[in-house]
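Below is one structure, written out as structure tokens, with a few remarks after it.
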Amino acid sequence: MRPLDEKETTQVFNKLHKFVGGNLKNIVLDNQSHEGPDSNPGRYCFRLQKNRVYYVSESLVRRATNIKREKLVSLGTQIGKFTQAGKFHLTIQSLNLLAANAKHKVWLKPTSEMSFLYGNSVLKGGVGRITENIQVNDGVVVFSMADVPLGFGDAAKSTVDCRKMDPNGIVVHRHADIGEYLRMEDEL
Amino acid sequence: MTDCVRDMAEKECEIDLGNLMAFDPHYHFVSPTSSREDVVKEALEQGRRLAQAVVDALFSLPSTEDRDGPIVKLPEPTTKLPREKPFPKPKPPTKWELFAQKKGINNRKKEKLVFDEQTANWKRRHGYDRVNDDKDIPIIEAKATDEPGKDPFAERQKEKKSRVDRQEKNRLQNLKQVAKSGALPSHIQLAATALPITGTKSMPKKVGKDELQNVAGLASTATASGGKFDKKLPGEKPPKHEKKYRKFLPAAEGSGMGALEKQQTEKVLNNLISKNSHEILNIEKAVNMYNVKKEKRQSKRGGTYSSKLKPEKRSFKKSPSSKSLKKKGSSSKGKSK
């Protein structure tokens, strides 16, 4: 377990910024944890362990230092991982954090929820609602109509272009969905 | 010259020309109480006398003329000098020697060359290309006891190998006994640190390639300049870790996050936000709103000048940008008609 260095921090923040925009400040600086025995709330920080990035409260970090690196499986909330090529990918565990701070959202009709959870992209026909001002390649969090976060991805079309699309066109390229908890149980 | 020799004989010098040496066995220092300076003086005088005697003797030898001067052949040395090293210890007898002694077996000399019937010529008794060599046998006769499926040639090879191995084992066993009695010959004393002779438990560690490289890297940087100005050997690679290893911030410090880490996080965050600050202003939205407002104003005015064609043109141009404009445009169109 170690803190991210400057390059890694930039990568992680860039990726998060794509999804949460200015709310990143909220995630990084303002979010307070009431974990642990301390009376005053601590902050959250990012820690790297075996190529995976975790969003951990400070009190947990202090306690996790007792465990040696090889034996430490996980701590806090995993938000992503560094690939072998050195790129940063957000993983599905980060969904709650993203959903709470999301800038761009897409709501799915109940009929197309299953398709999305099997790992397909979001089609125009399945979109129930969509927030304004989405640009191409913005990070989008996908919700069900009952406001349950289902996953996240990249916008394939801007909001304006969406209006004119045919119903089979792709609106959101999938990055991760909660179906992965079943499909890729070993890899998570 | 003959006078000189006679002189020396009178003074009873003994000369050993083989060792280029002369000494006077009957000489005594006159007074042991005399001062140190006198003793030194006398010793020098006697030394000079003996050296003169050696030189005289040398020149009395029969000589041959050479370009560099006369050359003489020295006679055999007559004085026995004491041995520098102690005598080697006697080796303990090997197992075979003990056995042979018990049984009364004597070593007989055998000829080195033996007549080989396989190839019909003379061959050495032992070693390479020896008599009765396995590889000279083209065919082995089958016996009734032979098992089918077994290669008799391979079996012979195996037998020979086992004999060689056994002999090597015996040799090492005997060397061990010798090492115990401390009579190990000097030429194998260094090799004796290896496992088979001294019988130490741990195997000598085999040094791997990586380990060697590490050691070489350490050695190459172990100079005052860190190896910077050293001449490289041909084909020498640069050391693996020239620079420092990466240093990371501490995993936990104080309340959990150290001041340096906080600073780094804030720096990266501020960079990111300032880079994206222009996104606070959504240009497209702003343009849309501006257009709508303008259109509203114009439509108000358009009510007064309803007969003019200008607003109609404008509305057509801007109509694809937003739905609201389209509605307005169509309404204005209706009005103009």
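All figures in this text were calculated on a predicted structure; none of them were measured in a lab. So that the names make sense, note that chain A is the first sequence line, chain B the second, and so on, each numbered from 1. Computed over heavy atoms, backbone and side chain alike; hydrogens, waters and symmetry mates excluded.
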Of all the heavy-atom pairs spanning Pro250(B) and Pro3(A), show the shortest one and how long it is. O-CG, 3.2 Å

Near Lys87(A) NZ, under 6.0 Å, is it more than 12 heavy atoms from other residues, nucleotides or ligands? no

Arg62(A) versus chain B, the contacting section by heavy-atom distance below 4.5 Å: both

Which residue, Asn14(A), Thr9(A), Leu4(A), Val12(A), forms the side-chain contact (heavy atoms from CB on, under 4.5 Å) with Val268(B)? Thr9(A)

Please flag which part of Gln49(A) lies under 4.5 Å from any non-hydrogen atom of chain B: side chain, backbone, both or neither. neither

Given a strict heavy-atom distance threshold of 4.5 Å, which part of Glu253(B) is in contact with chain A: side chain, backbone, both, or neither? neither

Is the count of non-hydrogen atoms from other residues, nucleotides or ligands lying under 6.0 Å from Lys15(A) atom NZ greater than 12? yes

So do Leu249(B) and Arg2(A) actually touch side chain to side chain, heavy atoms under 4.5 Å? no

Could you tell me the separation between the CD atom of Glu6(A) and the CD atom of Glu261(B), rounded to the nearest 0.5 Å? 12.0 Å

So, for Ala251(B) and Met1(A), which heavy atoms are closest and what is the spacing to 0.1 Å? CB-O, 3.7 Å

Assess the residue pair Phe13(A) and Thr265(B) against the criterion (side-chain contact (heavy atoms from CB on, under 4.5 Å)); give the C-alpha distance rounded to whole Å, side-chain angles, the decisive distance to 0.1 Å, and a yes or no. CA-CA 9 Å; Phe13(A) 283 8; Thr265(B) 314; 3.4 Å; yes

Is Met145(A) atom CE crowded by more than 12 heavy atoms from other residues, nucleotides or ligands, each under 6.0 Å away? yes

CG (Asn271(B)) and OG1 (Thr10(A)) are apart, to the nearest 0.5 Å, by 7.5 Å

Quick one: CG on Asn270(B) to NZ on Lys25(A), what's the gap to the nearest 0.5 Å? 7.0 Å

Assess whether atom OH of Tyr118(A) is packed by more than 12 heavy atoms of other residues, nucleotides or ligands within 6.0 Å. no

Starting at CZ of Arg43(A), measure out to NZ of Lys262(B) and round the result to the nearest 0.5 Å. 5.0 Å

